[in-house]
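Everything below concerns the one structure shown next.
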Amino acid sequence: MTLEEIKEKLKKNIKPERYIHSINVMNTASDLAGYYSVDKRKAEVAGILHDCARDFQKENMYELCREFGIEIDEIKKRQPELLHGPVGAYIAEADYGIKDEAILEAIRVHTTGKENMSMLEKIIFISDYIEPGRKFPGVNNIREWALKDIDRAMVFAFDSTIRYVLEKGTLLHPDTVSARNYIIMHSVRWHRSPD
């Protein structure tokens, strides 16, 4: 399936505002892929499809997890919106014919992150976070860091997410903590707020 065919099919399957977001993520991912010498087509495909399951109803999400054999941990059970990454990877393969495991894994982990993320996974995660439609305090600083040091941008994004989750009083997924800690232990020499 060509990228144009993927876009046409996706446009029919997600909400219009989600489609605009997906286009923004695809374009941001394409730019970052060029900057970090990552395969642009992989970044574009992962970017356009990262939210292909985001508009599914909770009950449908659970049913697809059973069908695809996706394990639902206690936190994802209580916060089913986190399942759209893992389910989206299976939908990308089943409905859009994506067989490239690097693309599928980038879609799978874009909601929480994980330890030892590949550059493509980091690009999709941070592109989802900083695409031009995102408006929140500090986003411009994270956009700047994404072009200087993607690991540092990732840590700022994780910190912002963790603060948001704590302020809401909801559950923090351990994969997010593991992803943040891994980068700090292995990549970032120093850490400070972008504000």
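Position 1 is the first residue of the sequence; numbering continues from there.
Atom SG of residue C52 and atom CZ of residue R18 lie 11.5 Å apart, to the nearest 0.5 angstrom. Distance check, rounded to the nearest 0.5 Å: OH of Y90 to CG of L64 gives 11.5 Å. Separating the CD1 atom in I107 from the CG atom in L120 is a distance of 9.0 Å, to the nearest 0.5 Å. We find the CD1-CZ distance between I126 and F158 to be 8.0 Å, quoted to the nearest 0.5 Å. Distance check, rounded to the nearest 0.5 Å: CG of D55 to CG of N60 gives 11.5 Å. Note that CG of L10 and CG of D51 are 9.0 Å apart. Values are rounded to the nearest 0.5 Å.
Taking hydrophobic clusters as Ile, Leu, Val, Met, Phe, Trp and Tyr residues chained together by side-chain heavy-atom distances below 4.5 Å, L147 shares a cluster with I150. Linking ILVMFWY side-chain heavy atoms closer than 4.5 Å, directly or via other members, places Y35 and M154 in a single hydrophobic cluster. The hydrophobic cluster containing M119 also contains F156, counting ILVMFWY residues as joined when their side-chain heavy atoms lie under 4.5 angstrom apart, directly or transitively.
Counting only distance, with no hydrogens or angles, the side chain of T112 and the backbone of T176 share no donor-acceptor pair below 3.5 Å. Remark: side-chain polar atoms of Q57 are not paired, donor with acceptor, to backbone N or O of E59 under 3.5 angstrom. A donor-acceptor contact shorter than 3.5 Å links the side chain of K9 to the backbone of D95. In terms of modelled atom types and a separation under 3.5 Å, the side chain of R143 and the main chain of E131 share a donor-acceptor contact. S127 places a side-chain N or O within donor-acceptor distance of the main-chain N or O of A29, the cut-off being under 3.5 Å. A donor-acceptor contact shorter than 3.5 Å is absent between the side chain of S30 and the backbone of M26. Within the 3.5 Å criterion, the main-chain N or O of L104 finds no donor-acceptor partner in the side chain of E93. Looking only at distances, no side-chain donor or acceptor of K40 sits under 3.5 Å from a matching main-chain atom of S37.
Inter-residue side-chain proximity for D151 and V155 is flagged as unmet; no heavy-atom pair is nearer than 4.5 Å. Within the 4.5 Å cutoff, the side chain of P174 has heavy atoms near those of the I75 side chain. Counting heavy atoms from C-beta outward, M185 and N181 have side chains that approach closer than 4.5 Å. Between I23 and K7 there is a side-chain heavy-atom pair separated by less than 4.5 Å. A 4.5 Å side-chain heavy-atom check between E81 and K58 finds every atom pair outside the cut-off. Annotation: side chain of Y96 is not in contact with side chain of E5 (no heavy-atom distance under 4.5 Å). Within the 4.5 Å cutoff, no side-chain heavy atoms of V165 are placed close to those of L171. A heavy-atom distance below 4.5 Å is found between the side chains of I98 and I6.
The shortest non-hydrogen separation linking A53 to V87 is CB-CG1, 3.8 Å. Between Y62 and K77, the closest heavy-atom pair is OH-O, 2.8 Å. Nearest heavy-atom pair, V139 versus I130, reported as atom, atom and distance to 0.1 Å: CG2-CA, 4.2 Å. Taking every heavy atom of both residues into account, F125 and V109 meet most closely at CD1-O, 4.4 Å. Between G113 and D175, the shortest heavy-atom distance links the atoms O-CB, 3.4 Å. Nearest heavy-atom pair, P132 versus T28, reported as atom, atom and distance to 0.1 Å: CD-OG1, 3.5 Å.
Summarising the local packing, OH of Y164 is surrounded by 12 or fewer heavy atoms from other residues, nucleotides or ligands at distances under 6.0 Å. A 6.0 Å sphere centred on NZ of K12 holds no more than 12 heavy atoms belonging to other residues, nucleotides or ligands. Within a 6.0 Å radius of CD in E71, no more than 12 heavy atoms belonging to other residues, nucleotides or ligands are found.
Checking L49, I14, D128 one by one against S22, the side chain to side chain contact (heavy atoms under 4.5 Å, CB included) holds for a single residue, I14. Here the rule is side chain to side chain contact (heavy atoms under 4.5 Å, CB included) with E105, and of H110, K114, M117 only K114 fits it.
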**OP:** Test salt bridge (Lys or Arg N to Asp or Glu O under 4.0 Å) on R66 and E63 and set out the steps.
**Re:** CA-CA 5 Å; R66 281 190 292 275; E63 188 180 312; 5.3 Å; no
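In this structure, a donor-acceptor pair under 3.5 Å is present between the side chains of D73 and H173.
For E101, the salt bridge (Lys or Arg N to Asp or Glu O under 4.0 Å) partners at least two apart in sequence or on another chain are R108.
Taking the six-membered ring for Trp and the full ring otherwise, the centers of F136 and Y129 sit less than 6.0 Å from each other.
No salt bridge links E44 with R41; every basic N to acidic carboxylate O contact stays at or beyond 4.0 Å. Using a 4.0 Å cut-off between charged nitrogen and carboxylate oxygen, R78 and E74 count as a salt-bridge pair.
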